[in-house]
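Contents: one structure, followed by commentary.
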Amino acid sequence: MTYAPSERQQERIAFRRRQAVRSVLLAALSTVVVGVLIVAGVTGSPGWPRVRQSFLNADVATKYLPDILDGFWLNIQLFLVCAPLALLLGLLMAVLRTLRGPVFFPVRALATGYTYTFRGLPLIITIYLFAFGLPGLRLQGTPDVLVLGGAAIVITYGSYLAEVFRAGIESVHPSQVAAARSLGLSYRQSMRHVVLPQAVRRVAPPLLNDVVSMQKDVGLISLAGPIDAIRSAQIGQAGSANFTPYVVAAVLFILLALPLIVITDRVTLRAARAQNAGT
Amino acid sequence: MLLSCTGVRKTFGDHVVLDDLSLEVAEHEVVALIGASGSGKSTLLRCVNLLTGIEDGIIRLDGEEITNPKINPDLVRQRIGLVFQSYNLFPHMTVLDNITLAPTRVHKRAAAEAREQAMHWLERVGLADKARAFPDGLSGGQQQRVAIVRALVNNPRLLLLDEVTSALDPELVGEVLTMIRDLKGEGMTMVLATHEMGFAKQVADRVAFLDAGRVLEHGPPDQVLGDPTEARTRQFLSRIIEAGRL
């Protein structure tokens, strides 16, 4: 015998369908109302013509876009180099902090001191210290400011990522380590095959979140001198007495972040589902 | 003696868990540890596997003192299998990878050979179709059987079983107990902490009753469970009978 919904169930289905239609209509209406209010509020404001002239000027945007894009390419390259390095550094520091035993005291102290210092130190100051302080030592083979500034970003972000990794490592239940050790695996092998794979999976969303944040902070390299998107926007602003170049750079940064943000959202959702499935 | 514990002492802060405990296990012997919660059954198993250190005493495996701080505990653990109450399978690995991890990484066997051996075992315990599944897709009984296989593929001299059926639904206990019974038939030396008195009776050559951190009495199951000499043992058993577990 095939299943046919009872009369009562059919009523429920019809009711839910009516409710759904109503919700969609309501959402559409409120979106339109809010949108109109915002647009009217902004464009109707007394200063709007001036703001549009100095922040959203199409001519200025067209004129400086190629330079800003050139600079932006530097940001992208810097990001692609710095992100993996910072992740590696963070992972290394997190693992060092978990080492037990007196032999590892100096390593542990160093790793702990590192995460404490660089999470407290403003990135801007770190960049200044690295890019302008280190060359001041006049050591042979001091790399150029781009490398030094990049190093400042890697080291700063590495300290945040280290703490995220450490939280992940600590979230793996001790019974997992006990199981690994009982099979004869060494500490290193347990870490590599049992703890870290679970830890990284668990903290993937916050890790990616930090990477998204890093994506825009590579723009701070402009403080050290290299001509990236922000620096060329600044040059454009000085040349045109117009702020539109900054808006152009801002849009580029958002566009770069979008795919990463979408990935982060997906990973977060998947992680949440996996966690709920486990219980 | 395959395993001998002499004068073992273990404390957690002020709490003395094992107090001058001595226990000997011969090759091919199955010893069941019984006793109330907190009597030190699990702690003893963890001490034997060197997962936790002891404060005093000597533990020997095949005559070699394994509590000697100069020896590498990893090498000792490679000769002892331990199965946990909560299975502790690695959730990020398939059943097959769980089983082949130690053979390939610790014993450096070829991956193909380790897989073949793992599949052989899985077929034996009727879980070959689960080889590619992840632990969370298995029932508790299936997970525990995989955990036992994971310990066995290292060819341990001694298998420690820590309340391996306590986390299982009643109808799944049987499949795990059957597996342990088969292992006994093959001569595997085992020490098992258990609440299943009926099972201890069937499978154990000797039952040891732990109380206040020591072996208060031990002997053949019929004697210890049927006609105990110590008042504390009788007290414990009467509580078990009240709970309908004997």
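Convention: sequence-line order gives letters A, B, ...; per-chain numbering from 1. Please read all numbers here as calculations on a predicted model, not as lab measurements.
- Leu82(B) touches chain A through backbone and side chain together, each having a heavy atom under 4.5 Å away.
- Counting heavy-atom neighbours within 6.0 Å of Glu7(A) CD, excluding the residue itself, gives a total of 12 or less.
- Here Pro91(B) is the residue among Ser86(B), Pro91(B), Pro73(B), Pro103(B) with the most heavy-atom pairs under 4.5 Å with chain A.
- A salt bridge does not link Glu196(B) with Arg181(B): none of the charged nitrogens is closer than 4.0 Å to a carboxylate oxygen.
- Heavy-atom contacts from other residues, nucleotides or ligands closer than 6.0 Å to CD of Glu170(A) number more than 12.
- If you measure heavy-atom distances from Phe90(B) to chain A, the contacts under 4.5 Å come from both the backbone and the side chain.
- Looking at Arg150(B), both its backbone and its side chain come within 4.5 Å of chain A, counting heavy atoms on both sides.
- Residue Ile80(B) touches chain A through its backbone alone, counting heavy-atom pairs closer than 4.5 Å.
- Residue pairs meeting the side-chain hydrogen bond (donor to acceptor under 3.5 Å, both in side chains) criterion with at least one member in residues 87-102 of chain A, sequence neighbours excluded: Arg97(A)-Thr112(A), Arg97(A)-Thr115(A), Arg97(A)-Glu163(A), Thr98(A)-Tyr187(A).
- Contact of Leu89(B) with chain A is made through the backbone alone, with heavy-atom distances under 4.5 Å.
- With Thr156(A) contributing its side chain and Ile153(A) its backbone, the two residues share no donor-acceptor pair below 3.5 Å.
- Of the two parts of Gln189(A), only the side chain, counted from C-beta on, holds a non-hydrogen atom closer than 4.5 Å to a non-hydrogen atom of chain B.
- For the pair Lys184(B)/Ile180(B), no side-chain contact is recorded, criterion being any heavy-atom separation below 4.5 Å from C-beta on.
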